[in-house]
Amino acid sequence: MPLAVRAQHKTTPVIGFLGDLSSNAATQVVAGFREGLSEAGYVEGQNLTIEYRWAEGRFDRLPALAADLVDRKVDLIATMVGSPSALAAKRATSTIPIVFSVGVDPVAFGLVASLARPGGNLTGMTVFGYPRWR
């Protein structure tokens, strides 16, 4: 193949998926994740690869699992719903984009600088609970 053609050839993007729990416990989360990717035109095994890492409920394993995804040079790290995996991913890299979904204030938790301008390489969503009315 001529050099110019090889230079234009794109490789399949690789997403690293970092989960707090086991793959069995996250079946619905992964199904929804894949569905969202499919709606954007990405289908695992066709034009996208997903590298899954599962902590199996052992949060102490998250830093090593996140580091493994960084070492594999994934294009993006998606973290399972929960703040421990997002924090582990943040500590593992400042260059690979990280997408999170958490149920805590990501500013107070130290994930992003502000909601309006997250800064760095993290972005995502949070679900703030309604205050309890007395």
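Everything numeric here is computed off the predicted structure, so don't read it as measured data.
With a 4.5 Å cut-off on side-chain heavy atoms, Val99 and Leu76 count as touching.
Tyr42 and Phe17 fall within the same hydrophobic cluster, where Ile, Leu, Val, Met, Phe, Trp and Tyr residues are linked whenever their side-chain heavy atoms come under 4.5 Å apart, directly or through other members. Transitive grouping of hydrophobic side chains (ILVMFWY, heavy atoms separated by less than 4.5 Å) brings Leu21 and Ile50 into a common cluster.
The minimum heavy-atom distance linking Thr126 with Asp105 is given by the pair OG1-N, 4.5 Å. Minimum interatomic distance between Leu48 and Pro13 (heavy atoms only, all atoms of both residues): CD1-O, 3.5 Å. Residue Ala86 comes nearest to Val102 through the heavy atom pair CB-CG1, 4.4 Å, listed as atom of the first residue, atom of the second, then distance. Heavy-atom minimum distance, Ile15 versus Ala78: CG2-CB, 4.2 Å. Across Ala92 and Ala67, no two heavy atoms sit closer than the pair CB-N, 4.1 Å. When all heavy atoms are compared, the tightest approach of Ala88 to Leu62 is CB-CB, 3.7 Å.
Distance alone, capped at 3.5 Å, is enough to place a donor-acceptor pair between the Asn47 side chain and the Val43 backbone.
To the nearest 0.5 angstrom, Ser22 atom OG is 5.0 Å from Glu56 atom CD. Atom-to-atom distance recorded for Phe109:CZ and Phe100:CZ is 10.5 Å, nearest 0.5 angstrom. One finds the OG atom of Ser83 at 8.0 Å from the CZ atom of Phe59 (value rounded to the nearest 0.5 Å). Interatomic distance, CG of Asp75 versus OG1 of Thr11, reported as 6.5 Å (0.5 Å rounding). Taking CD1 of Ile98 as the start and NZ of Lys90 as the end, the distance is 8.5 Å to the nearest 0.5 Å.
Checked against Val74 for a side-chain contact (heavy atoms from CB on, under 4.5 Å), the options Leu18, Asp68, Thr49, Val14 give a single hit: Val14.
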Check against side-chain contact (heavy atoms from CB on, under 4.5 Å), Leu87 and Leu111: CA-CA 7 Å; Leu87 198 53; Leu111 290 173; 4.1 Å; yes
Worked verdict on Leu65 versus Trp54 for side-chain contact (heavy atoms from CB on, under 4.5 Å): CA-CA 8 Å; Leu65 296 171; Trp54 302 104; 5.8 Å; no
Trace of the salt bridge (Lys or Arg N to Asp or Glu O under 4.0 Å) decision for Glu44 with Arg34: CA-CA 7 Å; Glu44 184 178 13; Arg34 287 179 179 147; 2.6 Å; yes
Stepwise side-chain contact (heavy atoms from CB on, under 4.5 Å) check, Ile77 with Thr93: CA-CA 10 Å; Ile77 297 175; Thr93 181; 4.2 Å; yes
Worked check of side-chain contact (heavy atoms from CB on, under 4.5 Å) between Arg53 and Met80: CA-CA 10 Å; Arg53 298 294 179 274; Met80 189 173 161; over 6 Å; no
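For the residue pair Ser85/Asp20, the side-chain donor-acceptor check at 3.5 Å is satisfied.
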